[in-house]
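A short worksheet on the structure shown next.
In this chain, residues are counted from 1 in sequence order.
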Amino acid sequence: MIKAVIFDFDGLIFDTETYELESYQSIYKKYNVEFPLQRWYESIGTNFVFDPYEKLIHSDTKLDKNEICKERTAIFEDSIVKKPPRDGVIHYFEQAKELGLKVALASSSTKKWIYRFLEMLDLEKYFDLIYTADDVTEVKPNPELYLKVLEHFGIQPNEAVVFEDSPNGSLAAIRANIPCVVVPNAATQNLVFDHQVAMRINSMKEIELSELLQKLSLK
């Protein structure tokens, strides 16, 4: 019996990943340099060491990294103004509460980053537990974040369901032996996910949470 649902944040609840990717692509396009897209994909959902400005700065020694960073950040900030969470997300939170489930957030991002957006979107009230990169020694694809959630709630892996949008995130759930539903966004929809994911949907709007949990229980 499912007792808890665990959500990633970036790209799943709020599509920061797509907005960030578009902001980097925009600044690279301005200077006629090809953005290192594959390296970016590899960094999604984890803290993989990758400097997204490196190729651009190396292309022109006259460019100032701090100025480029400010310019890129401004593009990103403009893009997220008044943007809502992804389709169906809040409905899933509400349904989970109606079903008596615990709702957790487990993210590889920092606490400062996560709480900024939770406050902006008024979402903190939906969570019984929030773990971020600040709470673990290793982030995804290491399963530590998800194992800590299980430990906190005192439940087994088969009593939870994880929602993820990236291969790194879904791999963390798989390594924790928790059934994982992937909900890719525009930035991750063409990436390759592990064959062990339990289900893939395009958005949380396409299926009710209760129906999704019922389908998982029949597998």
Side-chain angles (χ1 to χ4, degrees), residues 2 4-25 28 34-52 54-55 76 85-89 92 103-110 113-114 117 130-150 157-158 160-207 209 212-213 215-216 219:
I2 302 299
V5 284
I6 313 170
F7 296 86
D8 175 45
F9 183 78
D10 291 291
L12 180 84
I13 292 175
F14 187 60
D15 200 0
T16 52
E17 290 168 354
T18 297
Y19 301 135
E20 280 207 297
L21 174 57
E22 290 174 348
S23 69
Y24 281 111
Q25 289 176 321
Y28 266 73
E34 183 180 358
F35 181 68
L37 190 57
Q38 186 57 42
R39 295 275 287 172
W40 171 265
Y41 285 149
E42 292 169 1
S43 72
I44 293 178
T46 185
N47 62 353
F48 172 69
V49 179
F50 161 59
D51 181 354
E54 183 179 12
K55 184 178 178 181
F76 172 72
R86 286 187 64 189
D87 287 347
V89 167
Y92 263 40
V103 181
L105 188 155
S107 170
S108 292
S109 294
T110 64
W113 175 269
I114 293 300
F117 289 105
I130 298 172
Y131 279 146
T132 69
D134 299 297
D135 300 303
V136 293
T137 55
E138 290 191 57
V139 296
K140 307 167 190 175
N142 186 290
E144 186 179 358
L145 276 161
Y146 288 126
L147 293 175
K148 280 181 69 73
V149 174
L150 297 180
N158 62 357
V161 173
V162 164
F163 291 89
E164 276 284 358
D165 67 288
S166 72
N168 281 318
S170 60
L171 187 56
I174 290 167
R175 288 173 174 172
N177 294 312
I178 307 173
C180 181
V181 177
V182 295
V183 195
N185 56 57
T188 62
Q189 61 185 352
N190 295 320
L191 301 185
V192 177
F193 288 82
D194 192 285
H195 70 281
Q196 296 177 82
V197 297
M199 188 183 298
R200 176 173 177 150
I201 57 177
N202 295 317
S203 86
M204 296 177 204
K205 195 174 182 179
E206 75 178 48
I207 181 172
L209 178 60
L212 182 147
L213 296 179
K215 286 188 174 185
L216 289 179
K219 286 194 173 186

Tell me whether [X] contacts the main-chain N or O of [Y] through its side chain, where contact means a donor paired with an acceptor under 3.5 Å.
{"X": "T188", "Y": "D165", "result": "yes"}
{"X": "K140", "Y": "L171", "result": "no"}
{"X": "R86", "Y": "D15", "result": "no"}
{"X": "N168", "Y": "E42", "result": "yes"}
{"X": "R200", "Y": "F193", "result": "no"}
{"X": "E138", "Y": "E144", "result": "no"}

From [X] [atom1] over to [Y] [atom2], what is the distance, rounded to the nearest 0.5 angstrom?
{"X": "Y41", "Y": "L21", "atom1": "OH", "atom2": "CG", "answer": "6.0 Å"}
{"X": "D194", "Y": "S170", "atom1": "CG", "atom2": "OG", "answer": "6.5 Å"}
{"X": "M199", "Y": "L212", "atom1": "CE", "atom2": "CG", "answer": "4.5 Å"}
{"X": "F9", "Y": "L105", "atom1": "CZ", "atom2": "CG", "answer": "7.0 Å"}
{"X": "L150", "Y": "K148", "atom1": "CG", "atom2": "NZ", "answer": "11.5 Å"}
{"X": "Q25", "Y": "E22", "atom1": "CD", "atom2": "CD", "answer": "7.0 Å"}

**Side-chain H-bond candidate by donor/acceptor type, S109 with D10, under 3.5 Å** =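 Distance-only check passes for S109 and D10.
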**Message:** For the CD atom on E34, are there more than 12 heavy atoms of other groups (residues, nucleotides or ligands in this structure) within a distance under 6.0 Å?
**Reply:**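 At most 12 heavy atoms, drawn from other residues, nucleotides or ligands, come within 6.0 Å of this atom.
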**Request:** List the steps, then state whether ring pair (Phe, Tyr, Trp, His ring centres under 6.0 Å) holds for Y19 with F76.
**Result:** CA-CA 6 Å; Y19 301 135; F76 172 72; 7.1 Å; no
In the structure I gave you, are the side-chain heavy atoms of [X] and [Y] within less than 4.5 Å of one another anywhere?
{"X": "F163", "Y": "V183", "result": "yes"}
{"X": "V89", "Y": "F7", "result": "no"}
{"X": "I174", "Y": "V197", "result": "yes"}
{"X": "S108", "Y": "L145", "result": "yes"}
{"X": "L12", "Y": "M204", "result": "yes"}

Which pair of heavy atoms, one from [X] and one from [Y], lies closest together, and at what distance?
{"X": "A187", "Y": "T18", "answer": "N-OG1, 3.3 Å"}
{"X": "A104", "Y": "V149", "answer": "CB-CG1, 3.9 Å"}
{"X": "A173", "Y": "C180", "answer": "CB-CB, 3.8 Å"}
{"X": "A176", "Y": "L147", "answer": "CB-CD2, 3.9 Å"}
{"X": "P36", "Y": "K55", "answer": "CD-CD, 4.1 Å"}
{"X": "F35", "Y": "P52", "answer": "CE1-O, 4.1 Å"}

**Message:** Is the ring pair F117/F14 parallel, tilted or perpendicular, if the boundaries are 30 and 60 degrees?
**Reply:**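 Taking F14 first and then F117, their aromatic rings sit tilted (interplane angle of 30° to 60°).
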**Message:** Can you classify the ring geometry of W40 versus Y24 as parallel (below 30°), tilted (30 to 60°) or perpendicular (above 60°)?
**Reply:**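 Plane angle between 30° and 60°, so tilted.
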